[in-house]
Amino acid sequence: MRPGARIGLIALLLLAACSGRPATLHFRVTVDIDDHGIERHGAGVWSVTYHKLYLPGWAPIQSVAAGDAVPIRLGDGGVLLALSDCCFKNPSGMDDLPAHVFPDERLSDDPLDWTRRLAAMAGRTGLITCPYYRRSGAKSLDPVPDIDCLLFVRTADPRRPDKLRLIDPATMGGDPGLKVVRVAVTIDRRPMTRQVDRFLPWANDGWFARHHMCTSRRGEHPVCSGSLRWG
């Protein structure tokens with residue numbers, strides 16, 4: 001069987017194994033930062049879709065998350081990007097994010113149920129609680145973000161992919177003048193956004209096709225499609 005036909009057969013089997021109507025939730029992630037005394041903002045719409053799968057050896061609930069990292073232009077000409085912890089720690093972190101922000105809506109263990117419940121509440125907003133998002137300047141003792149935290153990457157030169165670096169959210173890469181003020185999640189009905197390429201000119205479709213695997217380790221530059229764009 002040719003490779004193309006084999007892939008098509010697998011897709012048909014997966015489609016046949018899916019039962020019922022999938023549940024999709026769109027939510028806007030808004031990041032407010034203090035950039036040396038100036039408040040700056042970035043926002044992007046992410047999405048997650050759950051569906052039931054009846055196939056031996058597969059998890060009964062499958063999810064597909066999609067979105068772009070949320071970019072914020074800094075005063076020094078650089079760019080800060082907030083992204084889901086999908087490459088470095090928890091592959092399902094973004095899928096579970098809405099359930100952690102709105103725990104009172106998680107009335108069952110069925111993610112399709114609470115996803116549909118949340119999708120009907122457009123405009124509802126909740127805050128991401130994370131020890132790194134500090135208003136008082138207190139330092140967190142935990143060096144590894146938990147599921148409610150986003151990760152951040154920063155570049156001093158948006159024209160060069162080799163300048164992109166994963167930074168410690170507790171210290172924002174050792175820059176005392178840069179702090180996360182607030183990260184909010186709002187249920188949204190607008191389409192998922194693609195905007196990374198507007199801030200990083202090299203991050204076009206061809207680049208994402210060539211860098212589709214996350215092979216770098218924590219602390220090294222996280223340039224891969226799984227960290228800047230997923231789904």
Side-chain angles (χ1 to χ4, degrees), residues 29-44 46 65 67-94 97 100-101 127-185 193-203 207-208 211 213-230:
V29 178
T30 303
V31 182
D32 302 328
I33 66 166
D34 181 339
D35 180 11
H36 297 81
I38 298 176
E39 193 165 307
R40 304 187 190 278
H41 315 274
W46 297 353
D68 266 19
V70 176
I72 304 172
R73 189 87 63 186
L74 300 176
D76 62 3
V79 175
L80 181 74
L81 299 108
L83 49 114
S84 168
D85 194 355
C86 61
C87 260
F88 301 96
K89 178 170 175 280
N90 184 0
S92 64
M94 197 186 86
L97 185 59
H100 282 255
V101 175
L127 299 180
I128 294 181
T129 56
C130 176
Y132 296 132
Y133 309 157
R134 45 194 166 81
R135 298 174 179 82
S136 64
K139 293 183 178 180
S140 168
L141 300 178
D142 182 1
V144 180
D146 61 23
I147 195 171
D148 285 355
C149 297
L150 301 182
L151 292 183
F152 289 87
V153 292
R154 183 178 183 178
T155 177
D157 187 349
R159 298 166 299 178
R160 295 180 54 181
D162 61 304
K163 293 296 183 180
L164 197 65
R165 289 292 183 271
L166 178 69
I167 62 175
D168 181 351
T171 63
M172 298 306 285
D175 186 344
L178 189 64
K179 292 185 284 293
V180 179
V181 176
R182 189 179 88 140
V183 179
V185 173
T193 52
R194 295 296 196 199
Q195 56 182 337
V196 165
D197 51 342
R198 289 173 37 218
F199 291 77
L200 306 176
W202 44 265
W207 180 86
F208 279 109
H211 297 79
M213 296 297 292
C214 290
T215 56
S216 57
R217 297 187 300 272
R218 184 183 289 276
E220 298 179 357
H221 78 83
V223 179
C224 64
S225 66
S227 61
L228 298 179
R229 173 170 294 172
W230 51 96

Subject >> Distance-minimising heavy-atom pair for Leu228 and Val196 >> reply: O-CG2, 3.6 Å

Original post:
Rounded to the nearest 0.5 Å, what separation is found between the CD1 atom of Ile72 and the CG atom of Asp32?
Top reply: 7.5 Å

Original post:
Nearest heavy-atom pair of Ala43 and Gln195: which atoms, and what distance?
Top reply: O-NE2, 2.7 Å

**OP:** Answer yes or no: is there a side-chain heavy-atom contact under 4.5 Å between Arg154 and Leu74?
**Re:** yes

Subject >> Among Val31, Val180, Val185, side chain to side chain contact (heavy atoms under 4.5 Å, CB included) partner for Ile128 >> reply: Val185

Subject >> Donor-acceptor pair between Asp175 and His36 side chains, under 3.5 angstrom >> reply: yes

**OP:** State plainly whether the residues Arg40 and Asp35 are in salt-bridge range, i.e. N to O under 4.0 Å.
**Re:** yes

**OP:** Measure across Arg159 and Pro161 and return the closest heavy-atom pair with its distance rounded to 0.1 Å.
**Re:** O-CD, 3.8 Å

Subject >> Spacing of Arg160 atom CZ and Leu200 atom CG [to the nearest 0.5 Å] >> reply: 13.5 Å

Subject >> Polar side-chain atom of Trp46 near backbone of Ala69 as donor-acceptor pair, under 3.5 Å >> reply: no

Original post:
Between Ala203 and Asp197, what is the shortest heavy-atom contact and its length?
Top reply: O-CB, 3.1 Å

Subject >> Value rounded to 0.5 Å, distance of CG in Asp34 from CG in Leu178 >> reply: 8.0 Å

Subject >> Heavy-atom closest contact (Gly44 atom, Thr193 atom, distance) >> reply: CA-OG1, 3.5 Å

**OP:** Grab the two heavy atoms, one from Pro201 and one from Pro158, that are nearest each other, plus how far apart they are.
**Re:** CD-O, 3.4 Å

Subject >> salt_bridge(Arg198, Asp68) N-O dist < 4.0 Å >> reply: no

Original post:
Nearest 0.5 Å, what's the CG-CG distance between Leu164 and Asp157?
Top reply: 11.0 Å

Original post:
So how far is it from Met172 CE to Ile33 CD1, rounded to the nearest 0.5 Å?
Top reply: 6.5 Å

